[in-house]
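First the proteins, then the strands, lettered A, B, ... as listed; each starts at 1.
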Amino acid sequence: MTFLLSAEPLDAAACRAALVALAPPGAAGGVVAFEGLVRNHAEGRSVESLEYHAYDALALSEGSRVMDEARERFAVEAVCAVHRTGHLALGETAVWVGAAAAHRQAAFDACRWALDEVKARVPIWKREHYADGPAEWVAVPRIAP
Amino acid sequence: MTFLLSAEPLDAAACRAALVALAPPGAAGGVVAFEGLVRNHAEGRSVESLEYHAYDALALSEGSRVMDEARERFAVEAVCAVHRTGHLALGETAVWVGAAAAHRQAAFDACRWALDEVKARVPIWKREHYADGPAEWVAVPRIAP
Amino acid sequence: MTLHLLHFSVFRDARGCDAERVETDAPTPLALCAELFGAAVPAQPEAWARVAVNDAFAGWDVRLAEGDTVVFLAPSAGG
Amino acid sequence: MTLHLLHFSVFRDARGCDAERVETDAPTPLALCAELFGAAVPAQPEAWARVAVNDAFAGWDVRLAEGDTVVFLAPSAGG
């Protein structure tokens, strides 16, 4: 599995170990890992916590597809990612994306591309809880209740 | 200290924790970390192990300068790096560079830039041990003995 | 026919539940969206949202069949 | 005057030691490099190497002084 969802806090060291284990031994010269953390502010508003809701079946298949495409597009040995679901406190890791390659450029490019694609394509929704008002879904048009 | 040398194996989790601790709590939304690993081949030759020799005093001051410059050039909360010295086996981590920023783009850019500058400017020399011949200093002109 | 629906994000808020079974004659996701959400959803959902049928992305004018699972996908913001 | 030298990489191999103290009249790092390494080093070291004096990068024609620590820096390949 190259794309996972986790309702438990992410362990960056375990993610990193899983990535390196996907690459042939000794082949990876550069490993790039991205972690998205819950920030205390967004668009000028004070954020207290987040929720991520995933459409599990499609998120897993689309996430895996992104990882497959990253391996086709870049000269990498391995790419994988894990996305959190559920309620997250400030500072917790929302997403981890890693790429391992013979050369560092491909590792950076693949990690960045895979992250952008996960954010754009994988059906996972973010709800921000604010200090100054009701929680809102992020980056979606408002729908009247 | 934002740039360190280590004669002991690098602990990516400890490096990551030190980076995040350098950023104001809750301010970092993206953390990018690069690890350079010892590969089993280089320029078509089979590599068995590596040595890194550092000019400690100047490596520490120049490395810190690179980290300072990265913070000035990019919208980042923290940047730091650790470079190994001594004898390294295949798969060991030679260098760790991390950047934490409010937004992911700056974290990627700063990490990549700091890594390139460390490789270009910090006085640390690499000696490769090959399966098929005597060890050689990498990326330096040969000098007759 | 009977369809299974899963709701997420703003569609869940508008519908007030995570999942439901509906009896409908709506031939396509586009017609189903209008039937279920009406004016509670901005017009032309095909311009701002996606739809999945049986756990795969699908077109808004695909033919729905008995027992299909349909999910309307508001723009997501993972990470 | 007496200078302290530290040697790394190819300069260490050519000199056969990590550090040494030398008595010299070489006024600059460029002159000192020629005196110590002669033809064992490619010509024009200022074109392919750097030099440090007292743990800071320095010019090849800086004036050396009694007790200075001088280090010749072959191109490095960290990471």
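When the candidates Gly98(B), Cys111(B), Ala33(B) are compared by the number of heavy-atom contacts under 4.5 Å with chain A, Ala33(B) comes out ahead. Each of Pro25(B), Ala27(B), Gly91(B) has some count of heavy-atom pairs under 4.5 Å with chain A, and the biggest count is that of Ala27(B). Ranked by heavy-atom pairs under 4.5 Å with chain B, the first of Gly30(A), Ala12(A), Ala42(A), Ala100(A) is Gly30(A).
Residue pairs meeting the salt bridge (Lys or Arg N to Asp or Glu O under 4.0 Å) criterion with at least one member in residues 4-18 of chain A, sequence neighbours excluded, are Arg16(A)-Glu35(B). Note on residues 61-70 of chain A: pairs passing salt bridge (Lys or Arg N to Asp or Glu O under 4.0 Å), not counting sequence neighbours, are Glu62(A)-Arg65(A), Glu62(A)-Arg121(A), Asp68(A)-Arg71(A), Glu69(A)-Arg121(A). Screening residues 53-73 of chain B for ring-ring contact (aromatic ring centres under 6.0 Å, His included), with sequence neighbours left out, gives His53(B)-Trp137(B), Tyr55(B)-Phe8(D).
Within residues 101-108 of chain B, the residues that have a heavy atom under 4.5 Å from a heavy atom of chain A are Ala102(B), His103(B), Arg104(B), Gln105(B), Phe108(B), listed by number.
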